[in-house]
Amino acid sequence: RCRSTSRGSPACSSLFGCRRAAHPPEQVVYDEIQSDTTHGDLIAAYTKAQQATIRFAGQNDQQSWRLRLLEAKIDVLQGKSQEALQLLAHSLPAELGNSDLEVQREMYQALSYARLGQLAVAATALERAQALADRTHSQVQDELFSIRGIVALQNDDNVVAEALFRRGLALARERRDTFLESTLLLNLGVVALHREHYDEALSWSNAASRIAREIDAQLVLEKALANVGWDFFKLGDFEKALSNFEQAEEEARRLGAIYDQAEWLNDAGLAELQLGNTAAAGTSYKKALTAAEQLQNRQEMLEAELELAVLFFDEQRFDESQASCASAMHLADSIGTRSLRADPLLVDGLLLAHKGETAEAIRIFSRLEHDAQTPPSRRWEIENALANVYNQTHDFRSSERWYRRSIETFEEQRANLSTDELKLSFFTNGTDLYREYADFLIARHQAATALELVDLGRARTLQDGLGLSSGKFRLLSQHSVN
């Protein structure tokens, strides 16, 4: 079976702070659109922004550009990156070229390019935005830090992303921008999820939700709901995860957040697959792929193709799995982020092993296992895959070593959780590791050892369920083995 618990993704919030200036009557319209955006009604905000852009076109360069930038921001929030870039394609008038409007234009362009998988172009735009912001002592530095952090996450740089989010959070709090504060708290939770620090991620998401509820920031609440769902998923509670993903997807649909819909459909498919609902999983993946293709969002297209490859592999539809895997690999290469290649390579290795090309499969798995950036949840999958392929080649000593290694990696990660309740839920992620190792031992005529292994796994679960101390657990496990 091709497990898929290391894939999918939480969502950063690309929402921006609320900036106001006194320029009626355009300001009245601007504030109304900004309020709709803050409350998450992107459908109404988008319609009003389009109408306002036409209504006030040519009357005042500064006000026209403020409205144009607001419309572009709404496009970005909906996932319409190409439309945003079209709005931002023209240069500002010379007298506005050193203003905050130009900083916003550059950073909205950058986020749009990043969503389209053009990370190098995004980085260049952000460099220009930061240089101008520093030179002019910009009032939108906190927003800029947030967007730079989002792009850093897409580039697998958790350290830089966290630093930028924290700088933005400090500024947002200093300026009492509670809306931006909630989005930055949410984004710090995403960093924790990327690091697989699930307790910490829950704390950040809950903090973001508390503020979002106070100011009725529905889009932040929708994203937080899905990110908590991702926490549940990674902790092995697939039913709760699915419930959160489905609620978040419905909210995204209601709010007009098309980009988020694609993400939550992908994640709902992951939960459905873990629950054994393969037909529902396939439907979710295909809907997500269609939405991502409409938005030309290569990263979401990659996720959907990858999950279809996993689904087809599980269903032994190997030609279709190979085709989807190849599409995912092509998309990963086009984006250029190294970590995006890891999961397609893992599936490709499984397909090679199935075809009997074990030497090449071992080479791929070994390279992935040696990658220092490999997160624990992917690492134990790779180690388990190595165990299976060595078993396939009758190298039983190596196979047993990798089975043990995969369980050790899993248990080390489980030990990092702070509560027995989380540890108990998390054990779901390791049941296949224990079962496959036990099957291996039985096939090697070591049924007694296999039984001890199963008993040990049950004892660990009992320890967490009863809240036994580690000392009591050691006695209990010794008794089981003896």
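Only this structure's heavy atoms are used, side chains among them; waters, hydrogens and symmetry mates stay out.
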### Message
What's the separation between atom CG in Leu116 and atom CD1 in Ile335, rounded to the nearest 0.5 Å?
### Response
10.0 Å
### Task
Kindly give the heavy-atom pair with the smallest separation between Ala262 and Ala288, and that separation in Å.
O-CB, 3.5 Å
### Query
Considering only heavy atoms from C-beta outward, does the side chain of Trp204 approach that of Leu186 to under 4.5 Å?
no
#### Entry: Minimum heavy-atom distance between Leu346 and Ile382, given as atom pair plus value
CD1-CG1, 4.2 Å
### Flag, side chain of Ser182 to backbone of Phe179, donor-acceptor distance under 3.5 Å
yes
### Query
Which class fits the ring pair His394 and Phe396: parallel under 30°, tilted 30 to 60°, perpendicular over 60°?
perpendicular
### Arg341 CZ to Leu368 CG distance, which is reported to the nearest 0.5 Å
9.5 Å
### Message
For a side chain to side chain contact (heavy atoms under 4.5 Å, CB included) check, start with the C-alpha distance between Phe233 and Gln274, then their side-chain angles and the critical distance, and finish with the verdict.
### Response
CA-CA 9 Å; Phe233 182 84; Gln274 291 298 319; 3.9 Å; yes
### Query
Centres of the Phe245 and Phe232 rings: under 6.0 Å?
no
### Where Ser399 and Asn391 come nearest, the two heavy atoms and their spacing
OG-CB, 3.4 Å
#### Entry: Sub-4.5 Å side-chain heavy-atom contact between Ser81 and Leu295
no
### Donor-acceptor contact present, side-chain Tyr437 to main-chain Tyr403, <3.5 Å
no
### Task
Of all the heavy-atom pairs spanning Gly149 and Phe165, show the shortest one and how long it is.
C-CZ, 3.4 Å
### Message
Keeping Gln373 on the side-chain end and Ser339 on the backbone end, is there a donor-acceptor pair under 3.5 Å?
### Response
no
### Task
Looking only at non-hydrogen atoms, find the nearest pair between Glu369 and Glu383 and report the distance.
OE2-OE2, 3.7 Å
### Query
Regarding Glu196 and Ser377, is there a side-chain donor-to-acceptor distance under 3.5 Å anywhere?
yes
### Task
May I ask you to test the Glu222-Trp264 pair for a side-chain heavy-atom distance under 4.5 Å?
yes
### Message
Test your reading of the model: is there a side-chain donor-acceptor pair from Asn277 to the backbone of Ala280, 3.5 Å cut-off?
### Response
no
### Query
Any side-chain heavy atom of Glu300 sitting closer than 4.5 Å to one from Arg115?
no
### Query
Does Arg367 pair with Asp371 as a salt bridge, N-O distance under 4.0 Å?
no
### Query
Around Glu239, counting heavy atoms of other residues, nucleotides and ligands shown, do more than 12 lie under 6.0 Å from its CD?
no
### Query
Can you check whether Thr428's main-chain N or O pairs, donor with acceptor, with Thr431's side chain at less than 3.5 Å?
yes
#### Entry: Under-4.0 Å salt bridge between Arg166 and Glu162
yes
### Query
Are any side-chain N or O atoms of Ser425 and backbone N or O atoms of Leu235, one a donor and one an acceptor, separated by less than 3.5 Å?
yes
### Query
What is the minimum heavy-atom distance between Thr37 and Ala45, and which atoms define it?
OG1-CB, 3.6 Å
### Query
In terms of side-chain heavy atoms, does Gln218 have a donor or acceptor partner in Asp216 at a distance below 3.5 Å?
yes
#### Entry: Worked verdict on Met329 versus Leu345 for side chain to side chain contact (heavy atoms under 4.5 Å, CB included)
CA-CA 8 Å; Met329 189 73 75; Leu345 278 171; 3.7 Å; yes
### Task
Take Gln154 and Leu119, measure what side chain to side chain contact (heavy atoms under 4.5 Å, CB included) needs, and give me the verdict at the end.
CA-CA 8 Å; Gln154 284 192 248; Leu119 295 178; 3.9 Å; yes
### Task
Run the salt-bridge test on Arg378 and Glu381 with the 4.0 Å N-O cut-off and return the result as yes or no.
no
### Message
Can you confirm whether Ile43 sits close enough to Leu255 that some side-chain heavy atom of one is under 4.5 Å from a side-chain heavy atom of the other?
### Response
no
### Task
Ignoring hydrogens and angles, state whether a donor on the side chain of Asn388 or Asn384 is under 3.5 Å from an acceptor on the partner side chain.
yes
### Task
Could you please spell out the steps behind the side-chain hydrogen bond (donor to acceptor under 3.5 Å, both in side chains) verdict for Gln247 and Ser243?
CA-CA 6 Å; Gln247 290 178 59; Ser243 176; 3.0 Å; yes
#### Entry: Donor-acceptor contact present, side-chain Asp199 to main-chain Leu417, <3.5 Å
no
### Task
Measure the OG-CD distance between Ser112 and Gln109 for me, rounded to the nearest 0.5 Å.
7.5 Å
### Query
Below 4.0 angstrom, N of the basic side chain to O of the carboxylate: do Lys223 and Asp260 qualify?
yes
### Query
Is Arg254 salt-bridged to Glu250, cutoff N-O under 4.0 Å?
no
### Task
Output, in order, the C-alpha distance, side-chain angles, deciding distance and verdict of side chain to side chain contact (heavy atoms under 4.5 Å, CB included) for Asp177 and Glu181.
CA-CA 6 Å; Asp177 187 340; Glu181 180 184 358; over 6 Å; no
### Message
Looking at His39, I want to see if its NE2 is surrounded by more than 12 non-hydrogen atoms of other residues, nucleotides or ligands under 6.0 Å.
### Response
yes
### Message
If you define the side chain from C-beta out and look only at heavy atoms, does anything of Asp348 sit under 4.5 Å from Gln322?
### Response
yes
### Message
More than 12 heavy atoms of other residues, nucleotides or ligands under 6.0 Å from CZ of Arg195: yes or no?
### Response
yes
### Task
Return the orientation label for the His354 and Phe313 ring planes: parallel under 30°, perpendicular over 60°, tilted otherwise.
perpendicular
### Task
Using modelled atom types only, decide if a donor and an acceptor are shared between the side chain of Arg298 and the backbone of Leu331 within a distance under 3.5 Å.
no
### Query
For the atom pair CG (Asp142) and CZ (Arg173), what is the distance rounded to the nearest 0.5 Å?
12.5 Å
## Note on the structure
To the nearest 0.5 Å, atom CD1 of Ile407 lies from atom CD of Glu436 at 9.5 Å
### Query
Any side-chain heavy-atom pair from Asn429 and Phe238 closer than 4.5 angstrom?
yes
### Task
Run the salt-bridge test on Glu400 and Arg404 with the 4.0 Å N-O cut-off and return the result as yes or no.
yes
### Task
Please state whether the rings of Phe426 and Phe410 are parallel, tilted or perpendicular, taking 30° and 60° as the class boundaries.
parallel
### Task
Could you grab the distance from atom NE2 of His370 to atom CZ of Arg379, nearest 0.5 Å is fine?
9.0 Å
### Query
Hey, are the side chains of Asp231 and Asp237 touching, using non-hydrogen atoms and a 4.5 Å cut-off?
no
